[in-house]
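A short worksheet on the structure shown next.
The sequence lines fix the lettering, A, B, ..., with proteins before strands; numbering per chain opens at 1.
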2 protein chains.
Amino acid sequence: MDAETIKRTLDGSGLRCTPQRYAVMAFLMECKRHPTAAEIFESVNRMDPRCSRATTYNNLRDLVQAGLVREVAVEGRAARFDAKGMRHHHFICDRCGNVEDIGWYNVPRPASGSLGKRVLRECELIFRGLCTKCAPRHASG
Amino acid sequence: MDAETIKRTLDGSGLRCTPQRYAVMAFLMECKRHPTAAEIFESVNRMDPRCSRATTYNNLRDLVQAGLVREVAVEGRAARFDAKGMRHHHFICDRCGNVEDIGWYNVPRPASGSLGKRVLRECELIFRGLCTKCAPRHASG
DNA sequence: TGTCACATTAGATATAATCTAAATCGCTCA
DNA sequence: TGAGCGATTTAGATTATATCTAATGTGACA
């Protein structure tokens, strides 16, 4: 994922490509995990101390609003973030709260009657259980 | 939903049926909305000032752990709660954060290969968009 | 009635996220 | 090049949400 691609992605969404915003987006794009805002801040700030906490949160908000990044709320824990690359669903570990990708497959929409006058924008599938790390641990104790 | 049913439900989950716990459970069972913890506390506390904030949160945690209540995390907002009655999916309004029920229908599980060694416990569908209240407001301004 | 585990409490504390007001950046246009 | 100006950034305060603590209460049962 080269710098030019990220710059063009930001430009295409009407977001100026500032060093801080670039750093947040680049980090999310190369990050295999689904980091929390605090993790993103730490990581980006370590690489470039010019990026403050507020800026990290501001940029995450902007990126989510622009549709470039997805925010995943997790019960009782900090939200996780995720650059929208290939479509996928999410698996959330009940034990450690980690969020992982599950390959995308089509989900049947609800009957139009059950939506009423609501405007449907997105439709996502969330799986819950124990992740690979937590499953054996849980089994033994 | 009579008192005896609630008492039996709690007993059946190994939870003592205290007045506070009963009040939280009863409120959730008769509540059509999906209230936040703060709303549950206010409502229950108004009816019976003996139920403190900590107790409300403690009991919500216990009820969720016992599988009687579902917690729904909402991006950027307080979590919502929901007595598990009939199975259903959820619609979350992007604008006001309200959570509403969508009639349940079967969701195809992921291919076992994509789950790896994960232990799958639940599988839920989340719809996002604008609720009935917010849709017209949004269209006009 | 005494005991013990479970429950509850008020208020302090922790955690996550946002707000504020001032400073700075970096386009655009001349 | 440089003035104007809206977008962006900043440190730290503040808010919102939830949990913890240590003392107290409660009820089933011997």
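Under the 4.0 Å criterion applied to side-chain N and carboxylate O atoms, B:R118 and A:E100 are assigned as salt-bridge partners.
Closest to the side chain of A:T55, out of D:dT9, C:dA17, C:dA7, is D:dT9. When distances are taken from the side chain of A:Q20 to each of C:dA10, D:dT9, D:dA11, the shortest belongs to D:dT9.
The CG atom of A:N59 sits 9 Å away from the C1' atom of D:dT9 (whole-angstrom rounding). When the C1' atom of C:dT24 is taken as reference, atom CZ of A:R21 falls 15 Å away, rounded to whole Å. Atoms CG (A:L15) and C1' (D:dG6) sit 15 Å apart, rounded to a whole Å. Atom C1' of nucleotide D:dA7 and atom CG of A:D11 are separated by 14 Å, given to the nearest angstrom. Protein atom CD of A:Q65 is 11 Å distant from nucleotide atom P of C:dT18, rounded to whole Å. As a whole-Å value, the separation of B:E75 CD from D:dA16 P is 19 Å. Taking atom CG on A:L63 and atom C1' on D:dT8, their separation rounds to 13 Å, with Å as the unit. Straight-line distance from the CD atom of B:E39 to the P atom of D:dT17: 10 Å, rounded to whole Å.
Using a 4.5 Å heavy-atom cutoff, the side chains of B:D82 and B:V99 are not in contact. Using a 4.5 Å heavy-atom cutoff, the side chains of A:H89 and B:P110 are not in contact.
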Would you give a per-nucleotide map of nucleotides 19-30 of chain D, 5' to 3', where B means the base has a protein non-hydrogen atom under 4.0 Å away, S means only the sugar-phosphate does, and - means neither? BB----------

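A:R80 and A:N98 are linked by a side-chain donor-acceptor pair at a separation below 3.5 angstrom, with hydrogens and angles left out of the test.
Residue A:T18 places none of its side-chain N or O atoms closer than 4.0 Å to OP1 or OP2 of C:dC25.
Cluster partners of B:L115, using a side-chain heavy-atom cutoff of under 4.5 Å among ILVMFWY residues and allowing indirect links, are A:F91, A:I102, A:Y105, A:V107, A:L115, A:L120, A:L125, A:F127, B:F91, B:I102, B:Y105, B:V107, B:L120, B:L125, B:F127.
Residue A:R53 qualifies as open at atom CZ: its count of foreign heavy atoms under 6.0 Å is 12 or below.
No contact: B:A38 has no heavy atom under 4.0 Å from any strand.
No continuous path of hydrophobic side-chain contacts links B:I126 to A:V64 [ILVMFWY only; heavy atoms under 4.5 Å].
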